[in-house]
Amino acid sequence: MSDSHPVDVRTHVKAYIIVFAALLGLTALTVSVAMLHLSTGEAVIIALFIASIKGSLVACFFMHLLSEKRLIPILLAFTVFFFFALLLLPTAEVFSRGG
Amino acid sequence: MTQSTSVEHGSGHESQGFWRTYLFSQDHKTIGIQYAITSLLFLLFGFTLMMIMRWQLAYPGQPIPLIGKFLGEANAPDGIMLPEFYNQLGAMHGTIMIFLGVVPLGVGAFGNFVMPLQIGAPDMAFPKLNMMSYWVYFAGGVTMLGSFLLPGGAANSGWTSYPPLSDIATIGQTAWLIGMFFLITSSLLGSINFIVTIVQLRAPGMTFMRLPFFVWAQLVTSFLLLLAFPPLEAAACLQLMDRLAGTSFFLPSGLVVSGQVVQASGGGSPLLWQHLFWFLAHPEVYVLILPAMGIVAEIIANNTRKPLWSYRSLVYSTLFLGFMSFIVWAHHMYITGMGTTLGTFFQVTTMIISIPSVVILAVLIVSLWGGSIRFTTPMMFACAFLPMFGIGGLTGLPLGLAPTDIPLHDTYYVIGHFHYIVAPGSIFALFAGVYYWFPKATGRRMNDTLGKIHFWGSLICINTIFMPMFIQGLAGVSRRLYDGGAQYAHAQGVLSLNLVMSVAAWSLAIFQIPFIINFFVSIRKGKKVGDNPWDATTLEWATSSPPPHGNFIRPVEVYRGPHEYSVPGAARDFLPQNDPA
Amino acid sequence: MNIPYTSEVRPDTGVYNAKLGIWLFLASEVMLFGGLFSAYIFLRTGAATWPHGWEILNIPLATTNTVVLISSSVTMVMAWASLAGGNFARFRRFLGTTVALGVAFLAIKGMEYGMKFEHGLFPATNTFLAIYFTLTGLHGLHVIGGMIVNVYLLGPGSKMWRKDPQRFTNRVEVAGLYWHFVDLVWIFLFPVLYLL
């Protein structure tokens with residue numbers, strides 16, 4: 001973002017306001033879904049889906065991920081892969097025990 | 001707006017006073033030397049702990065001579081070592097050698113000193129952060145050392161700190177966790193700095209495929225430190241909560257200690273710690289070995305006077321190795337009763353990761369072929385690295401497969417295996433690096449005769465220590481026994497080897513004396529050398545010895561690959577990377 | 001001696017040093033919280049019973065806190081945009097608001113903790129509360145860390161604006177990236193701990 005000029009910034013600001021509204025809306029949505037007391041499986045899927053959308057909005061717009069060159073997306077792709085390995089393999093390993 | 005370019009860093013040797021020049025320096029070369037000296041001292045200290053333990057293993061229950069009476073009544077009454085003290089020594093030997101010795105020497109010292117020079121950078125990308133990472137490492141070291149003075153002594157649950165034992169251990173374990181926070185912070189700061197420096201500060205013309213292999217090794221190592229250490233930090237947070245806030249992350253329900261049910265909410269799992277710990281600790285193995293491989297590759301290319309055989313396979317294998325090292329960790333846990341499905345997954349990934357390791361070793365061995373080898377001291381250590389790492393690697397294969405791992409797990413076979421990788425493997429390569437880059441750091445060469453005494457003595461002794469461990473392990477002798485197995489019937493036949501190994505360990509210490517003398521005397525009295533005493537091609541040899549603040553008097557530009565030795569038609573048998581000819 | 005690319009972008013990589021540095025740091029943070037979330041999944045799936053977050057925790061307070069933290073993210077990015085547009089006064093107003101919202105977040109969090117302690121609910125009570133206090137406590141430490149940086153950029157650090165405006169704008173962008181990440185972690189913590 002070294003040579004952003006005022007016009008550039010104004011369109012940015014408009015995007016930030018829209019993203020802000022979307023984040024507030026999704027927060028309201030996820031809380032109201034939680035009030036329905038769905039089964040754990042359904043609740044997990046919906047809550048994580050909404051959280052992922054919110055997270056992506058923050059990363060893409062506030063953190064300017066959309067306008068980054070290749071380097072940082074590649075770094076994050078590897079990190080996300082290892083993140084999921086770390087998140088899921090330990091539990092999967094213990095679950096695959098049994099008989 | 002100041003447009004800073006790499007042009008204006010001439011002889012910026014502004015005097016900064018004693019403190020800023022030597023102690024709180026932000027110059028990567030000074031920080032590298034600080035790391036080198038501190039980590040060499042820690043290696044010596046960790047080795048000393050082991051020599052004390054080896055007395056107990058050779059002569060169980062007999063008073064330790066000379067130093068026995070200084071160890072304290074709580075540790076060794078009348079000079080006779082207590083089992084609790086043996087456990088402290090064992091846990092701290094591992095912790096110190098890995099986290100305070102080999103990694104800071106391979107990454108903190110060599111990475112810091114050599115890498116910016118090799119890529120033609122004036123310094124690291126974040127010099128203040130670099131200084132901070134050294135001092136945070138230092139604080140971690142002081143915390144670990146200080147823990148010996150706590151009531152109950154230092155951590156005594158092994159370097160792996162497995163709960164539930166570590167959850168209920170003496171206060172030394174809390175100090176261990178705090179020390180680890182420091183060390184993790186230090187390596188995070190360091191690895192960020194290394195990656196940014198390599199990506200951003202390469203000199204003009206220094207494309208990725210022109211990087212010396214050492215730099216590639218440091219890049220992959222930094223990524224391993226960056227992404228594998230945080231899960232251990234998370235696990236350490238949880239263990240600290242268990243110890244200080246009374247939580248039960250790692251305490252199962254109904255745990256009984258000394259006949260009493262532990263008062264805790266329960267519901268935790270010791271396996272959780274093992275998963276999070278090995279998520280770090282397996283990549284950590286590659287953190288120990290990759291910088292060593294980088295050093296060996298540079299020294300082999302330089303001393304065979306020819307390019308590395310297939311630089312590209314070396315680079316791609318290292319990248320693949322780094323990637324795979326994140327998904328093999330549970331092969332340390334077969335004995336916990338792992339199911340066959342995930343067990344198969346981890347066995348397959350473990351066999352796959354051995355392929356790039358073998359490719360790297362093969363590349364280095366084939367690189368020797370047809371060269372007119374100069375057997376300098378660094379080259380001797382580098383050559384010895386190859387079969388030693390080979391033995392370490394091959395003996396690891398049976399441990400990667402559950403059917404053979406289960407009987408061998410936690411025996412001396414395992415100890416022999418990983419010590420072959422780290423001691424005559426990594427540490428030999430690090431010695432090679434000390435002899436190789438010493439002239440760059442000081443402008444003087446280390447003595448070759450003393451170097452060769454150091455080399456041959458160490459090689460013979462270190463094999464006499466670790467080879468018998470395979471025999472003991474195959475006979476079923478467990479690790480971490482404070483009498484070396486004397487109480488067990490199945491150990492009786494191989495018990496006499498304990499004395500052989502102990503004598504070899506003490507002899508190994510004697511053969512380090514030539515190195516220590518050589519190191520300190522050569523700083524003042526070594527033979528003076530020019531900028532490029534080894535006729536080498538990489539950029540660190542393109543500047544003066546020692547290099548000035550800012551590294552290069554004039555901006556460097558790179559025209560060729562890293563190891564252009566014996567190029568047909570060239571005037572000399574080496575073409576430096578910055579030689580436009 | 002000058003380090004290259006401290007304020008200008010290196011053409012072939014497309015970033016300046018500090019931006020790559022902060023993204024690497026955030027990658028390590030992803031793995032830190034990855035380890036903790038992994039522990040959460042591991043312990044929850046292994047537990048015989050696990051309470052619903054809403055039975056124990058205070059949803060209205062946490063929802064308010066979510067709104068507070070999201071708002072602080074917006075003011076943070078607005079602070080950067082103001083600087084990029086050359087408006088220093090506006091930058092100060094937005095960054096000041098960000099710090100104030102950070103204080104509000106911590107105050108609400110403190111209230112929540114206080115209410116738990118009053119009811120005799122501590123980390124040692126059960127595994128759910130253990131992971132709740134550990135995760136939110138660590139997140140709170142991250143908020144405090146971000147506020148220290150922001151206060152510095154608001155106060156003594158802002159002198160750089162006059163000497164080297166590009167580098168100062170970069171610093172604010174980097175601080176912002178960290179702050180958004182802290183927000184992002186909360187976006188996942190909130191449903192995981194409170195709503196499931």
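Just so you know, these numbers come straight off a predicted model, no measurement behind them. No hydrogens, no waters, no symmetry mates; every other heavy atom, side chains included, goes into these values.
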field: Best-contacting candidate, B:Leu232, B:Ile195, B:Asn193, against chain C by heavy atom pairs under 4.5 angstrom
entry: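 Result: the option with the highest number of such pairs is B:Ile195.
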message: With chain C as the partner, which of B:Ala121, B:Cys237, B:Ala125 has the greatest number of non-hydrogen pairs under 4.5 Å?
response: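 With the most close heavy-atom pairs to chain C, the winner is B:Ala125.
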Side chain / backbone / both / neither for [X] at chain C, heavy atoms under 4.5 Å:
X: B:Leu276; answer: side chain
X: B:Ala235; answer: neither
X: B:Leu272; answer: both
X: B:Leu271; answer: both

field: chain B contact via C:Val30 - side chain, backbone, both or neither, heavy atoms under 4.5 Å
entry: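 Nothing of C:Val30, per the 4.5 Å heavy-atom cut-off to chain B.
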Region of C:Ile22 that comes under 4.5 Å of a non-hydrogen atom in chain B: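 Answer is neither: C:Ile22 stays 4.5 Å or more from chain B.
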query: Strictly under 6.0 Å, is that where the ring centroids of C:Phe117 and C:Phe122 end up?
result: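 Yes.
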message: In this structure, is the centre-to-centre distance between the rings of C:Tyr113 and C:Phe133 below 6.0 Å?
response: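 Under 6.0 Å, so yes.
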message: Run the ring-ring contact (aromatic ring centres under 6.0 Å, His included) test against B:Phe279 and tell me which residues pass, sequence neighbours left out.
response: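 Applying ring-ring contact (aromatic ring centres under 6.0 Å, His included) to B:Phe279 gives B:Phe326, B:Trp329.
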- prompt: Which residues in residues 39-51 of chain C have any heavy atom lying under 4.5 Å from a heavy atom of chain B?
  reply: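 Residues of residues 39-51 of chain C touching chain B at under 4.5 Å: C:Ala39, C:Phe42, C:Leu43.
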task: Report the residue from C:Phe181, C:Trp186, C:Phe33 that forms a ring pair (Phe, Tyr, Trp, His ring centres under 6.0 Å) with C:His142.
output: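 The residue from C:Phe181, C:Trp186, C:Phe33 that satisfies ring pair (Phe, Tyr, Trp, His ring centres under 6.0 Å) with C:His142 turns out to be C:Phe33.
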Keeping the roles fixed (side chain from [X], backbone from [Y]), state whether a donor-acceptor pair exists under 3.5 Å.
X: B:His28; Y: B:Pro116; answer: no
X: C:Thr66; Y: C:Ala62; answer: yes
X: B:Ser186; Y: B:Ser133; answer: yes
X: C:Ser72; Y: C:Leu69; answer: yes
X: B:Trp273; Y: B:Ser161; answer: yes

Would you mind reporting whether [Y] and [X] have side-chain heavy atoms less than 4.5 Å apart?
X: B:Tyr137; Y: B:Ser187; result: no
X: C:Tyr152; Y: C:Arg171; result: yes
X: B:Leu188; Y: B:Leu225; result: no

Partner residues of B:Lys29 under the side chain to side chain donor-acceptor pair (under 3.5 Å) criterion, sequence neighbours left out: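 B:Lys29: side chain to side chain donor-acceptor pair (under 3.5 Å) contacts with B:Asp27, B:Asn551.
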With a 4.5 Å cut-off on heavy-atom pairs, point out which of [options] contacts chain B the most.
options: C:Leu24, C:Ile131, C:Leu129; result: C:Leu24
options: C:Ala130, C:Gly34, C:Gly35; result: C:Ala130
options: C:Thr125, C:Asn17, C:Leu138, C:Asn126; result: C:Asn17

message: Using only non-hydrogen atoms and a strict under-4.5 angstrom cutoff, which residues of residues 243-253 of chain B touch chain C?
response: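 B:Ala245, B:Gly246, B:Thr247, B:Phe249 fall under the 4.5 Å cut-off.
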field: Ring-face cation of B:Arg202 near B:Phe208 (centre distance under 6.0 Å, axis angle within 45°)
entry: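 Satisfied, under 6.0 Å and within 45°.
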task: Would you please classify the geometry between the C:Phe168 ring and the C:Phe91 ring as parallel, tilted or perpendicular, with 30° and 60° separating the classes?
output: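 Perpendicular: the ring planes of C:Phe91 and C:Phe168 meet at over 60°.
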